[in-house]
Peer 1: 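Before I ask anything, let me first share the structure, which is written out below as structure tokens.
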Amino acid sequence: MDVSHILNSLNDAQRQAVTADPGNLLVLAGAGSGKTRVLVHRIAWLIEMTGAAPGNLLAVTFTNKAANEMRSRIEELLERPIGGMWVGTFHGLAHRLLRAHWQEAGLPEKFQILDADDQLRLIKRTLQALDLDENKWPAKQCQWYINQQKDEGLRADHLEHYGQDYQRTMIGVYKAYEGACERGGLVDFGELLLRSHELWLKQPGLLAYYQQRFTEILVDEFQDTNAIQYAWLRVLAGTRNHVTAVGDDDQSIYGWRGARIENIQQFTRDFHPATLIRLEQNYRSTSTILKAANHLIANNSGRLGKELWTDGMEGEPIAVYAAFNEQDEARFICDQIQQWAKRGRRREEIVVLYRSNAQSRELEEALLRTEVPYRIYGGFRFYERLEIRNAVGYLRLIASRDDDAAFERVINTPVRGIGNVTLELIRNLARSEGCSLWQAARQAVTRGQLPGRAAQNVQDFMRLIDLLEEYAATHELHLSADYVIRQSGLIQHHEKEGGEKARSRLENLEELVNAAGAFVPDATPDGEKPTPLETLGAFLDRAALDAGDTQADDYEDAVQLMTLHSAKGLEYPFVIIAGLEEGLFPHKMSADSLSGLEEERRLCYVGLTRAREKLLLCHAESRRLHGEEHLTRPSRFLKEIPAELRQEVRMKGQVSRSFAVGERGAGESWGRRDVSTRADLAQEPQGLSLSLGQRVRHPTFGEGVVLNSEGRGSNARVQINFDGVGGKWLVMAYAKLEAI
DNA sequence: AGTCCCCCCATTTTT
DNA sequence: TGGGGGGACT
């Protein structure tokens, strides 16, 4: 067979990895070395050359995005669909198993997935039921504890408290929470993995079936696997199946959420015998950037070892800017962005990375002031938004009346006169009867345990849900979604709220209808077309397992802002890293352990290796944190980059009328930033005084009316509702406003 | 039921 | 410094 299309375009190391004989294989893939490509081509090779059927292959990733991308790239390469192959996230695959074998797994047929928010609410209720003081035992902490145990594969029964109060309580909460999940048929994220692992251990026949089926298992981002995922893989692989693990120990940045770097470090021992192949040729960055990254990461211990190289260009030195404070840093970054754009490059090519989300505000304000378009990644994802969660709550209640989390969420949203007193009565009834809130509510109504008014309201609510279900059972999903957001009153609720926020909420609700319209459920095993209610169930599962990428819209050429963590896997021509200071990056919370520090260093390595052409590293000499000024020292990571690769920079066009200040060595050629430039920032705005309701003109946004204002002096901001553009907050000092 | 105020907290995030 | 949550008040 002609496989040149699979092998052409690969370098030697990549080809070796792709064509390695079936067996355990560890591909240590450096940043920008063509990792996904190797994985995709390896799969194509296995199918075309070793006689493996797509159905014998299982590919696992961590995010839905990666899974989708992998599937489509394989199909593109093979030029045919690979329906029989399982490609998905750990959680997605585990979920698939549990849906298929719910009985063997000891679950109700219609078990529901509990997302993080639902989980927290359930834990809160559990704490109340146990009569524990939430101040002493914060729900968040309990959630953290429970998830951590599940990630380690441990159930409450496996845990010992050794007489320790903390342990004893946590185990108690864990146990009670397990009970609540059991009663409600609820499965949280950790439970998906844990239970499907247990399923295999308890059902040897089932395990044998899957072991026979999946002879080739491929895992992406192996350095991110946690204990239960690793155990799951080992059980499935057994002694005969082959595991191809792709990853990079130097990019392991999720230790804090249970990922075990040891898993990749010990792969060749645990999956013995195994071949190890390193991909070290980098196709992304300049050699200067790679040298810097190599030097930095060399400070870590216990690495599998790897050195990136390129036959590309040397590129520019790495720019380092010592800012006066965080405002100066932000301003300098804006300036650099504008200069990049002035040279005819796109702002989209730039990313600004920071260690913690809080840093984004200062940057945002500066970008707003200088009118540089930007987009912030992270923050709320689609299915986490309040209005979406409410709408989904109705859908969930339609699908399953016993879904208490959904019941609690929507019974009085929008308000329908069912207050806390009524709800508490229903909760108590549910607790004492051991039934769901829905059932308790029905009982309360029929037995007349509620005052007339409340009884009527509850009854109306229940009738509404029944009505919605009737509709949903006979209509396509997107029609039902539309029906639900209208009949439930959610649309009206936000409409009368008014304002910019409400408008975006309404848009999101419309977007949910679109998402429902675009949703295509997996084919049922028997190949029949799913009923509308089955489709709804599948849609809800996806809503829980997939955050839903909200990106997409907004085509403006904008700079990207995100944390270093969320930058993993991405690349940009120009990367700016802000806040390289001791205590911030490396973060002080990670500074007291070697493993923590090394993970911070890997995070920095990830940041550096995102850059293709140009890298700018910033630190401020003083930074305001929690309202207090702190003098800071440059991050050790800066010093770990060889001096000959770095170049200190300052504001363009600025004469170095430097004033000498301690610390800085006299031999250094760059001067301190000019005082007068700094003073410019504080300049008072020109005296345009606006009154509320006044009409104004803006060079970009056109005409609008002043709605609101806040602050004074150089900080004064006004909110203006621009005709056709909508509400915007502008800084008076910078927005070139004109009264009409 | 909604609003206000005070207190507490403050890394990183996917499923 | 600022945001969120909880409690108290209207």
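We name chains A, B, ... by the order of the sequence lines, and we start the count at 1 in each one.
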Peer 1: In whole angstrom, give the distance that lies between atom CD of A:Gln141 and atom C1' of C:dG5.
Peer 2: 17 Å

Peer 1: Take A:His565 and A:Gly417, find for each the nucleotide of DNA chain B with the closest heavy atom, and name the residue whose nucleotide sits nearer the 5' end.
Peer 2: A:Gly417

Peer 1: Assign A:Asn226 to base, sugar-phosphate, or nothing according to its heavy-atom contacts below 4.0 angstrom with the strands shown.
Peer 2: nothing

Peer 1: When we call it a touch if two heavy atoms are under 4.0 Å apart, what does A:Gly190 touch: a base, just sugar-phosphate, or nothing?
Peer 2: nothing

Peer 1: Report yes if the side chains of A:Arg260 and A:Tyr254 come closer than 4.5 Å at any heavy-atom pair, otherwise no.
Peer 2: no

Peer 1: Give me the distance, rounded to whole Å, that separates C:dG5 from B:dT12 when you measure between the C1' atoms they each carry.
Peer 2: 23 Å

Peer 1: Given the P atoms of B:dT11 and C:dG4, what is the spacing between them in whole Å?
Peer 2: 15 Å

Peer 1: With the threshold set at 4.0 Å, does a side-chain nitrogen-carboxylate oxygen contact exist between A:Glu198 and A:Lys150?
Peer 2: no

Peer 1: In this structure, how many angstroms lie between the P atom of C:dG7 and the CG atom of A:Asn420, rounded?
Peer 2: 11 Å

Peer 1: Reading DNA chain B in the 5' to 3' direction, which nucleotide is the first one with an atom under 4.0 Å from a heavy atom of chain A, and which is the last?
Peer 2: B:dA1 to B:dT15

Peer 1: Just checking, is any N or O donor in the side chain of A:Tyr177 or A:Asp188 under 3.5 Å from an acceptor N or O on the other one?
Peer 2: yes

Peer 1: Map A:Glu600 and A:Leu192 onto DNA chain B by nearest heavy atom, then report which one ends up closer to the 5' terminus.
Peer 2: A:Glu600

Peer 1: Quick check: do A:Ile253 and A:Leu564 have side-chain heavy atoms less than 4.5 Å from each other?
Peer 2: no

Peer 1: Base, sugar-phosphate, or nothing: which does A:Asp115 touch, judged by heavy atoms less than 4.0 Å apart?
Peer 2: nothing

Peer 1: At under 4.0 Å between heavy atoms, what does A:Asn64 touch on the DNA or RNA strands: base, sugar-phosphate, or nothing?
Peer 2: sugar-phosphate

Peer 1: So with a 6.0 Å cut-off around CZ of A:Arg453, is the heavy-atom count from everything else above 12?
Peer 2: no

Peer 1: Between A:Arg409 and A:Asp117, is there a salt bridge with N-O shorter than 4.0 Å?
Peer 2: yes

